[in-house]
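Remarks on the structure that follows.
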Amino acid sequence: MKILIVDDEKIQRDMLKGFLEKKGYEVSCAADGARALSLFNDIPFSMVLTDHKMPGMTGDELLAEMQRINPLVRSIMITAHGTVDMAVQVMKAGADDFMEKPVDLMVLLEKIMLLEQAAAISREAEELKAGMDTKDLPITIIGNSEPMREVLSLAGRMAPTDYTAMIRGETGTGKELIARLIHLLSPRSDKAFVEVNCAAIPENLFESELFGHEKGAFTGALTRRRGRFELAHGGTLFLDEVGELPLNLQAKLLKALQEKRITRVGSETDRQVDVRVVAATNRDLKQMVHDGGFREDLYFRLNVLEMELPPLRRRRTDIPLLVDHFLEKFVTRPVSFDPEAMNILVKYGFPGNVRELEHMIQRIVTLCRSSIVRENDLPPEIRFHNAAETGTLAEKMDALEKELILTALSRHEWVQTRAAEELGISERVLRYKIKKHRLKN
Ligand SMILES: Nc1ncnc2c1ncn2[C@@H]1O[C@H](COP(=O)(O)OP(=O)(O)OP(=O)(O)O)[C@@H](O)[C@H]1O
Ligand SMILES: [Mg+2]
C-alpha cells in the first residue's frame, strides 16, 4: 500500500517513513500541503498521514482537497498533544482517525491496518447494496453516490406521471438508461419504448419517420408505413439528442406534441396518439433558446419535468462499483483491480463519463492476461492524467506540458528522437522534461 506523509518537521517525517517502510509500506513524504497535493495527483496513494498545523494549507484543507480528488483515500490526522475537542474537529474534516504527538508507532500501525481492513469491508458492503434494485428490470443501473441516489429517486417520482421529462447531461452519463428506467417504472411499461435519435434522421425523412406515410406519398414510398409516434402509442417516445433538431422540424414536432395528433405524410386524415415523451440532450437548450437555435415554446413543452445527470467526476465513489459491474459484464474469469490501479481510475476526470469507463474496462480486460489489473495495465492517458482541475497558471501549464509530452511520446512509441522533433525541442530538453515529470512507459 502507498502511504503519503505530510508534516513540516523533517524529523517527524523521517521517523514515520523509516518505521512504515520497515513494515512493508511504500512511503512518500511532503513538507506542506501544496507539495502533498502535487504528489497526490501523480501517485495513487491509498492513505495519508497528515500533520494538522502546517504553514500554508492546514491538514483540514488538505484532506478536503484530497477527498475531492479521490474520495476513496483513507486518512489519519496527527495533532499536537492536548488539543481539545480534536476528535470532533477531525471527524468534521473528514479524517478517518487521529493521533496525538508524540506518535506511538505500534498504535499507528494498528490504526493503519484497521483502516486497510475497514476499506476492504466497506467496499464489499457497498457492492452489495449498489444501485437501485433493478433485478426485476431488464436493465441494471449502478450508483450508490448521493447524486445518483437522487437521480434514481427522482426517476421513480417522474415515472408514474404523463408529463414530458427532459434529461440533461454530458455525453455518456446514462441519459438513455435513465429514460428506459422511467419507462419501465411507469404504467406504460408493458407498451413500447420507441427511440428517435434526432441527430441521426436525415431532414427530408424526418416527417415520414416520425409520423409515417401512406403508400405513394412520395417517390420510394412503396408501402404504407407507421411512424415512431404511432409505434409508441400507449408507451413512451424517447427523443434523443433533441437539441440537434433543425428549427423547421422543431415546429413540426411541437405541433404534434401540442395537438397529440399526427398526420401520416400523404394522408388526408389525422389520428390521435397517446405517447409519453422523454427527451434527452447534452446541449444547453436554455442557451440555445437565447441564441435563437431552439424554439422557446418547444423548450417549455419538453421541459415540464427536468433531470440533470451528474458527470462521473462528480460521483467518484460510483467508479469502483461500475468497474465491478463492467468486469462482470465483459469477463467470465475472475478479474479485479488492485487498489492502486483503482485509485488512479477514481482520480481520472472521465470526459466521456460512464461510456468511457465501460470501453476502457473492456479494452483493459482484453489485453490484460493476469487476474489482477495493475497500474501498468491502465492506458497511459489515465496513468499520467493530472487530476488538478484547478490550480495556478504555473500548475496548469505544467500539467499541459506533461500531457503534450506524453501524447507525443505515445504517438511515437517512446522513440525520443521523433517525439522531440514533433515537439520542436532538443532531445536533451525532452530527456530533462521526462525526468522532471517522472514519465515512463
Ligand atoms: N449508472 C449506470 N450503471 C450501469 N451502466 C451505465 C450507467 N450509466 C451509463 N451506463 C452505461 O454506459 C453507456 C452509456 O450510457 P447511455 O447511452 O445511457 O449514455 P447517454 O447519456 O445517453 O450518452 P450520449 O449522450 O452519448 O448519448 C451504456 O452502455 C450504459 O449502459
Ligand atoms: Mg444517448
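Remember, it's 1-based here, ligands and their atoms both numbered in the order they're listed.
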Sidechain N-carboxylate O distance under 4.0 Å for [X], [Y]:
| X | Y | answer |
| --- | --- | --- |
| Lys436 | Asp398 | yes |
| Arg180 | Glu176 | yes |
| Arg35 | Asp32 | yes |
| Lys286 | Asp284 | no |
| Arg383 | Glu375 | no |
| Glu170 | Lys175 | no |

(request) Using the six-membered ring of Phe40, assess whether NZ or CZ of Lys347 lies under 6.0 Å from its centre and within 45 degrees of the ring axis. (result) yes
What protein heavy atom is closest to [atom], reported as residue, atom name and distance in Å?
| atom | value |
| --- | --- |
| atom 3 (N) of ligand 1 | Ile142 N, 2.9 Å |
| atom 16 (P) of ligand 1 | Gly174 CA, 3.7 Å |
| atom 4 (C) of ligand 1 | Thr140 O, 3.6 Å |
| atom 6 (C) of ligand 1 | Leu177 CD2, 3.4 Å |
| atom 27 (O) of ligand 1 | Arg355 NH2, 3.8 Å |
| atom 25 (O) of ligand 1 | Lys175 NZ, 2.5 Å |
| atom 9 (C) of ligand 1 | Val354 CG1, 3.4 Å |
| atom 22 (O) of ligand 1 | Glu176 N, 3.2 Å |

(message) Within the structure, is a non-hydrogen atom of Gly143 found at a distance of less than 4.0 Å from ligand 1?
(response) no
(request) Could I get the full list of salt bridge (Lys or Arg N to Asp or Glu O under 4.0 Å) partners for Glu110, not counting sequence neighbours? (result) none
(request) Report the residues that fulfil salt bridge (Lys or Arg N to Asp or Glu O under 4.0 Å) with Glu340, sequence neighbours left out, ordered by chain and then residue number. (result) Lys2
(message) Regarding ligand 1, does Thr171 bring an N or O atom to under 3.5 Å of one of the ligand's N or O atoms?
(response) yes
(request) Using distance alone, decide if ligand 1 has a nitrogen or oxygen within less than 3.5 Å of any nitrogen or oxygen in Gly172. (result) yes
I'd like to check which ligand 1 atoms, numbered from 1 as shown, lie under 4.0 Å from a non-hydrogen atom of [X].
| X | value |
| --- | --- |
| Ile141 | 1 (N), 3 (N) |
| Glu358 | 11 (C), 12 (O), 13 (C), 28 (C), 29 (O) |
| Leu322 | 2 (C), 3 (N), 4 (C) |

